[in-house]
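A, B, ... follow the sequence lines: proteins, then strands. Residue 1 opens every chain.
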There are 2 protein chains.
Amino acid sequence: MEQAILAAAEELFLDRGFALTSTVEIAKKAGCNQALVHYYFRTKENLFQAIFARKIKMFMTALTSMDQLDLPFEKALEYIIQAHFDVLASNPRLPFLILNELTTNPKRIEALKDILQNEIDLRPVMHMQALLDQEIRKGTVRPTTMMDIAMAMAALNVMTFVARPIICGVLDISDDDYQEMIAHRRQENVAIILRSIRP
Amino acid sequence: MEQAILAAAEELFLDRGFALTSTVEIAKKAGCNQALVHYYFRTKENLFQAIFARKIKMFMTALTSMDQLDLPFEKALEYIIQAHFDVLASNPRLPFLILNELTTNPKRIEALKDILQNEIDLRPVMHMQALLDQEIRKGTVRPTTMMDIAMAMAALNVMTFVARPIICGVLDISDDDYQEMIAHRRQENVAIILRSIRP
DNA sequence: AGGTTATTTAATAGGGCTATTAAATGTCAA
DNA sequence: TTGACATTTAATAGCCCTATTAAATAACCT
């Protein structure tokens, strides 16, 4: 039942965020009494943090555990951008939850910092930075930074999923059309970034 | 006092969204009794919609009221991207509010559709589309669509401001550094898009 | 001033929420 | 079987919230 509560809470939190999800709803979805939620997690805040931390860790790990370290820079970059995109596609509501919580609740920032500092292996990032610097020296890539590239990647990929309600709502397109658009963006976002770093 | 309530509500809604803002807080910030909020707007929902509609209208109008219709395509695009960026810089919390409300409350989508259909002049967009098609025929721009370009622009510009809590929180940088980063992104986002449409 | 309307306040109904508590039920080993 | 412990439930305290109502105050017109 503890697992059922976690699963129900995860779904609801991802759907509606912390503030709009009540422990009563979580209990109903998990199929138990509302007091049980508090028996296992004492507070709604605890329950949320457990899920939030787990999700962020999963997300960051998926990004930094890279098995393409031997690829040349452009290929590696393409691989990373698409890996990032794919994690988002499997967790389309996660970026919104993260943005939402970090924006409305300063407390969450500490949690995020902790995870980033203690749980994430940054060596792959360093490796990419080194490859990039090499390319710049060779003149095959214009002078730029991994920070800039990462910003562009995050922006383009995340917005694809965060903007879904706007896109689907305003253009009212079918689910098939949306899937097609997703596939298109997966290619397009890579293309934009690769072109943007040309000398 | 009605204006004071509107102003207070706008600030609080932008800060914390609809659900996390109470009419009591609004009243306190406006310097009046909480019942007065309901006297003027009957419901919190009404008050929110008034503000939300006004903000979206302002935002969309700033984007589509373009005075650079005689510029060549690339110059016009650069102008638009920076205009978009500047509206966001003046309303840094607006995109988050829009995303937040459209994501958590389907009702808002109707409001948005209404505004887009009735209040926004789409001729400048058509004009840009025509210029783009011309460039593509000439071969000076790779085959693409205004939709793709707009997505990239929105993603890059919006993320600059939406991600502020993450960037400032994780990297803990000073306000000056942040301002510098903003200025950098204003250039960079243009550069990325212009490079991304090269043949 | 006196009357009418607009504005503002105090008080409160009514509802949902989190968290706690005490009691009931299940589990399982000795 | 019984005792100890884990799980689950019902009930409720205590908050904060929205919205309403009735009464008080201000503003304005004649």
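Pairs engaging residues 29-39 of chain B under the salt bridge (charged side-chain N to carboxylate O under 4.0 Å, His left out) rule: B/E11-B/K29 [sequence neighbours left out]. Applying the ring pair (Phe, Tyr, Trp, His ring centres under 6.0 Å) definition to pairs two or more places apart or across chains, those involving residues 153-181 of chain B are B/F85-B/F161. Within the structure, salt bridge (charged side-chain N to carboxylate O under 4.0 Å, His left out) contacts touching residues 190-199 of chain A (residues at least two apart or in different chains) do not occur. Within the structure, side-chain hydrogen bond (donor to acceptor under 3.5 Å, both in side chains) pairs that include any residue of residues 95-106 of chain A comprise A/E101-A/R108 (at least two apart or interchain). Pairs of residues two or more places apart, or lying in two chains, never qualify as salt bridge (charged side-chain N to carboxylate O under 4.0 Å, His left out) while including a residue from residues 30-41 of chain A.
The salt bridge (Lys or Arg N to Asp or Glu O under 4.0 Å) search around A/D133 returns none, not counting sequence neighbours. For B/N33, the side chain to side chain donor-acceptor pair (under 3.5 Å) criterion is met by no residue, not counting sequence neighbours.
Nucleic acid contact class of B/Y40 (heavy atoms, under 4.0 Å, all strands): sugar-phosphate only.
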Please list every donor-acceptor pair under 3.5 Å in which a side-chain atom of residues 147-160 of chain B meets a protein atom from a residue at least two apart or in another chain.
residue	atom	partner	partner atom	Å
B/D148	OD1	A/H184	NE2	3.0
B/D148	OD1	A/R185	NH1	3.1
B/D148	OD2	A/H184	NE2	2.8
B/N157	OD1	B/N189	ND2	2.9
B/N157	ND2	B/I81	O	3.2
B/N157	ND2	B/H84	ND1	2.8
B/T160	OG1	B/L156	O	2.8
B/T160	OG1	B/N157	O	3.4

Enumerate, atom names and distances included, each donor-acceptor pair closer than 3.5 Å involving a side-chain atom of residues 166-174 of chain A, sequence neighbours excluded.
residue	atom	partner	partner atom	Å
A/D172	OD2	B/K113	NZ	3.4
A/S174	OG	A/D176	N	3.4
A/S174	OG	A/D177	N	3.1
A/S174	OG	A/D177	OD2	3.3

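Look at OH on B/Y39: it is 13 Å from C1' on D/dT25, rounded to the nearest Å. One interatomic measurement links the two molecules: CE of B/M1 to C1' of D/dA26, which rounds to 13 Å at whole-angstrom precision.
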Nucleotides 14-18 of chain D: which of its N/O atoms have a protein N/O under 3.5 Å away?
residue	atom	partner	partner atom	Å
D/dT18	OP1	B/T23	N	3.4
D/dT18	OP1	B/K44	NZ	3.0
D/dT18	OP2	B/T23	N	2.8
D/dT18	OP2	B/T23	OG1	2.7

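Comparing the start and finish of the helix from C/dA1-D/dT30 to C/dA30-D/dT1, five pairs each, the helix axis swings through 0°, to the nearest 10 degrees.
Residues B/M58 and B/F48 fall within the same hydrophobic cluster, defined by Ile, Leu, Val, Met, Phe, Trp and Tyr side chains chained together at heavy-atom separations under 4.5 Å.
Protein chain B touches strand DNA chain C; the 5'-most and 3'-most nucleotides with an atom under 4.0 angstrom of its non-hydrogen atoms are C/dA6 to C/dA10.
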